[in-house]
Amino acid sequence: MSQFIKPRAPKGFRDFLPRAMLRRRYVIGCITEIFERFGFDPLDTPILELRETLFGKYGEDAEQLIFSAQHGRSASEPLAMRYDLTVPLARVVAQHESQLHLPFKRYHIAPVFRGERPQRGRYREFYQCDADIVGVAGVMADAEIVIMMQQILSRLGFPQFVIKINHRRLLTAIGAFSGLPADQLPDLYRSVDKYDKLGADGVRAELAARGIAEDAISRMMDLLQAHAPGTASLDQIEDALGKGENGLGELRELADLLAAAGVPAEHYDFDFTMVRGLGYYTGPIFETVISQPNLGSITGGGRYDNLIGMFRRQSLPTTGTSFGIERIIDLLDALDLYPAELGGTLVQALVTVFGADTRHESLRIAEALREAGINAELHLESRKLGRQIAYADRKGIPLVAIAGSEEISAGVVKLRRLADGYELFVDLEDIGYAAQALLAGS
RNA sequence: GUGGAUGUAGCUCAACGGCAGAGCACCUGAUUGUGGUUCAGGCGGUUGAGGGUUCAAGUCCCUUCAUCCACCCCA
């Protein structure tokens with residue numbers, strides 16, 4: 001035993017066996033389909049970026065989680081593994097702008113890496129599914145992102161979900177209104193973000209612990225907790241803050257557009273206690289939380305108009321969202337929301353082999369099935385028939401094609417459907433059609 | 001990074017400081033051309049690793065590694 005290396009993936013990194021892979025492919029397929037339906041085109045970028053591309057974008061804490069990736073003998077270019085897909089997007093836009101047409105709408109589904117301590121729903125390598133619109137400053141772009149989020153979450157079959165919407169400028173305005181110094185805004189964000197977990201009193205306590213004045217706390221808590229159906233909560237805030245560059249106008253416009261697009265009112269909600277952690281957001285922000293099994297947020301996004309300016313003289317307005325497919329998959333697992341036909345294998349038919357004298361015929365059967373578009377696996381060893389059928393059964397292959405000496409001398413193939421044991425004989429030239437019919441359940 | 005819990009067969013878990021076990025899975029046969037049920041048999045372990053206490057350690061102590069949970073942070 002000790003001569004073997006203990007088989008183990010690195011901490012926070014996972015293998016995906018076929019059954020899990022099929023589920024991932026299903027989820028990614030649903031999301032991709034709707035991204036494309038909304039006019040987004042695919043983009044991919046290297047897993048490694050120059051260290052200087054990533055650093056200075058995420059904040060000090062996050063930077064400590066970036067994996068560096070050095071090759072032993074070429075230390076000339078300091079490299080790091082990508083931490084998200086947003087900074088690579090900004091780099092690509094700045095680098096290839098002559099080849100892109102604005103507005104640039106791209107989606108990007110790829111693994112990213114963070115050196116966090118792993119936990120359920122949190123890994124060191126995980127996929128992000130991002131869709132972003134570069135070059136549009138107006139709320140139409142934000143509205144399209146939210147409309148698309150709503151369609152994807154519905155498509156995945158979540159019975160109930162709420163997209164929380166807030167606005168970064170509104171949070172800033174509330175802070176200013178309450179008399180909070182600008183340099184304490186990050187403290188405000190961090191504490192308010194825990195509202196769901198700590199409750200109003202917990203947030204008050206934490207703000208106080210951060211050294212924020214009592215009267216400022218109570219003034220802003222009243223505003224942050226404003227909650228009323230539809231745009232009524234916006235009215236409450238406006239009564240206190242008045243009109244101005246506080247994001248309220250954009251949120252009203254957003255509500256108007258969502259309603260016009262037919263987004264059901266129960267699927268979105270203005271929630272002034274929702275804060276996105278990342279510092280680069282500048283406008284409307286979005287987040288979806290599903291609370292049944294609590295795995296944290298499954299989507300996150302918003303407007304970040306200044307990020308591209310890190311790579312380019314003039315920035316470009318950008319808005320977008322990210323789907324956390326690892327958590328979505330964990331939720332679909334828990335709620336069992338996969339379509340029934342999603343099994344453990346893609347193989348639709350197993351072609352049995354009796355022995356050396358019949359294997360030519362088995363090869364021809366497999367080929368006939370494949371020509372008919374059926375995923376056919378040829379049994380590569382001539383074990384006894386019961387073993388071969390048992391193999392198909394355990395693997396979840398629905399059909400077995402049998403051609404022993406009896407069938408061969410009669411010029412036919414026997415097809416057996418394992419679900420109900422139904423069998424029929426067909427000519428080789430009809431096998432594709434017959435197999436299709438059996439798979440369809442007739 | 002901080003705190004807590006847990007590591008025994010491929011998997012889920014038992015075993016008072018006293019011979020390491022069960023269920024499931026796997027393999028073989030009953031059934032030489034028919035799976036899922038049943039029956040019989042079989043394979044499978046340096047109890048995560050290292051050290052200590054003891055006549056004796058899976059069990060107690062220390063160290064270390066890993067996993068899970070909470071915090072921090074996030075998808």
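By convention in this document, chain letters (A, B, ...) are assigned in the order of the sequence lines, proteins followed by strands, and residues within each chain are numbered from 1. Side chains included, hydrogens not; waters and symmetry mates left out as well; all remaining heavy atoms used.
- The minimum heavy-atom distance linking Ile374(A) with Ala349(A) is given by the pair CG2-CB, 4.2 Å.
- For Glu381(A) and Arg359(A), the salt-bridge test fails: no basic side-chain N is under 4.0 Å from an acidic carboxylate O.
- Between Lys194(A) and C72(B) there is a side-chain N or O to OP1 or OP2 distance below 4.0 Å.
- Nearest-nucleotide assignment on RNA chain B puts the 5′-proximal partner with Glu406(A), out of Glu406(A) and Thr299(A).
- If you check A75(B), G33(B), G35(B) against the side chain of Arg114(A), the one that comes closest is A75(B).
- Across the C1' atoms, G51(B) and A9(B) are found 26 Å apart, a figure rounded to whole Å.
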| query | Which dot-bracket notation, 5' to 3', represents the base pairing of RNA chain B when pairs are defined as Watson-Crick or G-U with both distances under 3.5 Å, crossing pairs as [ ], and inter-strand pairs as |? | reply | (((((((..((((....[..)))).(((((.......))))).....(((((..]....))))))))))))....

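- Atom-to-atom, CD of Glu287(A) to C1' of A75(B) comes out at 10 Å; the value is rounded to the nearest Å.
- When the P atom is compared between A22(B) and G4(B), the two are found 37 Å apart, to the nearest whole Å.
- What separates CG of Leu385(A) from C1' of G35(B) is a distance of 9 Å, to the nearest Å.
- Contact annotation for Glu407(A): base contact, defined as any heavy-atom pair under 4.0 Å involving a base atom.
- Here the side chain of Leu418(A) is nearest to one of G35(B), G29(B), A75(B), namely G35(B).
- A donor-acceptor contact shorter than 3.5 Å links the side chain of Ser362(A) to the backbone of Thr352(A).
- The gap from the P atom of C61(B) to that of A5(B) amounts to 12 Å, rounded to the nearest Å.
- Salt bridge absent: Asp84(A) and Lys57(A) never bring a charged side-chain N and a carboxylate O closer than 4.0 Å.
- Of the P atoms belonging to U31(B) and G44(B), the separation is 28 Å, rounded to the nearest Å.
- Heavy atoms of Thr352(A) sit nowhere under 4.0 angstrom from any nucleic acid atom.
- Atom CD1 in Ile109(A) sits roughly 17 Å away from atom P in A75(B) (whole-Å rounding).
- Contacts of Ile402(A) with the nucleic acid, taken as non-hydrogen atoms under 4.0 Å apart, include base atoms.
- Between C27(B) and Arg387(A), a contact under 4.0 Å exists linking OP1 or OP2 to a side-chain N or O.
- Distance CD (Gln64(A)) to P (U2(B)): 12 Å, rounded to an integer number of Å.
- Counting distance only, with no hydrogens placed and no angle test, the side-chain atoms of Glu116(A) and the base atoms of G1(B) include no donor-acceptor pair under 3.5 Å.
- The cationic atom of Arg114(A) (NZ for Lys, CZ for Arg) lies less than 6.0 Å from the six-membered ring centre of Tyr83(A) and within 45° of the ring axis.
- Judged by closest nucleotide on RNA chain B, Tyr422(A) is the one of Gly121(A) and Tyr422(A) placed further toward the 5' end.
- The separation between Tyr107(A) atom OH and A75(B) atom P is 22 Å, rounded to whole Å.
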If you restrict it to nitrogen or oxygen atoms, what contacts under 3.5 Å exist between nucleotides 64-70 of chain B and the protein, and what is each distance?
unit_1 : atom_1 : unit_2    : atom_2 : d
U67(B) : OP2    : Lys11(A)  : NZ     : 3.2
C69(B) : OP2    : Arg120(A) : N      : 2.8
A70(B) : OP2    : Gln119(A) : OE1    : 3.0

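- Nucleotides C62(B) and A20(B) have their P atoms positioned 26 Å apart, rounded to a whole Å.
- The interatomic distance linking Asp193(A) (CG) with C73(B) (P) rounds to 8 Å, in whole Å.
- Taking atom P in both U59(B) and G7(B), one finds a spacing of 11 Å when rounded to whole Å.
- In the displayed structure, Arg14(A) atom CZ is contacted under 6.0 Å by more than 12 heavy atoms of other residues, nucleotides or ligands.
- C27(B) and G10(B): their C1' atoms are spaced 13 Å apart (whole Å).
- For the residue pair Asp44(A) and Ala110(A), the shortest heavy atom distance occurs at OD1-CB, 4.1 Å.
- Using cut-offs of 30° and 60° for the angle between ring planes, the His379(A) and Tyr391(A) rings count as perpendicular.
- Here the side chain of Glu326(A) is nearest to one of A75(B), A30(B), U34(B), namely A75(B).
- Note that Arg168(A) lies in the cation-pi zone of Tyr189(A), set by a 6.0 Å cut-off to the ring centre and a 45° limit from the axis.
- Ala403(A) comes within contact range of no nucleotide atom at all, as no heavy-atom separation falls under 4.0 Å.
- If you take CG of Leu65(A) and P of A75(B), they are 11 Å apart, rounded to a whole angstrom.
- Side chain of Arg169(A) to backbone of Gly283(A): no donor-acceptor contact under 3.5 angstrom is found.
- The pair Asp41(A)-Lys105(A) does not count as a salt bridge, with every side-chain nitrogen at least 4.0 angstrom from each carboxylate oxygen.
- Among the atoms of the strands shown, only primed sugar atoms or phosphate atoms (P, OP1, OP2) are found under 4.0 Å from some heavy atom of Gly386(A).
- Between the C1' atom of C71(B) and the CZ atom of Arg122(A) lies a distance of 10 Å, rounded to the nearest Å.
- When each of G33(B), A75(B), G35(B) is scored by its nearest atom to the side-chain atoms of Asp393(A), the top-ranked nucleotide is G35(B).
- Closest to the side chain of Glu423(A), from the set G36(B), U34(B), C74(B), is U34(B).
- Centre separation under 5.5 Å together with a plane angle under 30° holds for the ring of Phe126(A) and the six-membered base ring of A75(B), marking them as stacked.
- Counting non-hydrogen atoms under 4.0 angstrom, Phe323(A) reaches nothing in the nucleic acid.
- Across U63(B) and A75(B), the matching P atoms stand 37 Å from one another, rounded to whole Å.
- Counting any heavy atom pair closer than 4.0 Å across all strands shown, Arg416(A) reaches a base atom.
- Aromatic ring pairs are classed by plane angle as parallel below 30°, tilted from 30° to 60° and perpendicular above 60°; the pair Phe40(A) and Phe35(A) is tilted.
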